[in-house]
Amino acid sequence: MGFAMTRNMARAGLNVRAWNRTRKKAAPLAADGVHVASTPAEAAQGAGIVLTMLADASAVISAFEDALPGIDPTADPHAI
């Protein structure tokens, strides 16, 4: 579901960055203009909004812990 949502956002003209635990799965998104990030922090860097589409709470916690270095501490907390 995350792949299709990401592709559709990019095709709608949004600036989208994506990270997947298995980079190979996200790589085809580059054809639609998505920046495929190597790390969660790279994907989150400079983002105004961070969305996740992960399997469970444990995966969300892990991804956000890894993304924290890329998140602007002055960002609106409601956007994350």
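Side chains are part of it too, since the values below use all heavy atoms of this structure and drop only hydrogens, waters and symmetry mates.
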Side chain of [X], backbone of [Y]: donor and acceptor closer than 3.5 Å?
| X | Y | answer |
| --- | --- | --- |
| E42 | S38 | yes |
| S62 | S58 | no |
| N20 | R23 | no |

Given the rule that I, L, V, M, F, W and Y join up when any side-chain heavy atoms are under 4.5 Å apart, are [X] and [Y] in one cluster?
| X | Y | answer |
| --- | --- | --- |
| W19 | L68 | no |
| I71 | I61 | no |
| L51 | F3 | yes |

So which heavy atom on [X] is nearest to which on [Y], and how close?
| X | Y | value |
| --- | --- | --- |
| A30 | V36 | N-CG2, 4.1 Å |
| A63 | P40 | O-CB, 3.5 Å |
| M9 | V16 | CB-CG2, 3.9 Å |
| P69 | A41 | CB-CB, 4.2 Å |
| A47 | A43 | CB-O, 4.5 Å |

**Item:** Pairing residues for A27 by the side-chain contact (heavy atoms from CB on, under 4.5 Å) criterion, not counting sequence neighbours
**Value:**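 Result, side-chain contact (heavy atoms from CB on, under 4.5 Å) vs A27: none returned.
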What distance separates [X] [atom1] from [Y] [atom2], expressed to the nearest 0.5 Å?
| X | Y | atom1 | atom2 | answer |
| --- | --- | --- | --- | --- |
| T6 | M53 | OG1 | CE | 8.0 Å |
| R17 | L29 | CZ | CG | 14.5 Å |
| R7 | D32 | CZ | CG | 6.5 Å |

**Request:** Using the side-chain contact (heavy atoms from CB on, under 4.5 Å) rule, take D66 and T39 through it: C-alpha gap first, then chi angles, then the decisive distance, then the call.
**Result:** CA-CA 8 Å; D66 292 343; T39 66; over 6 Å; no
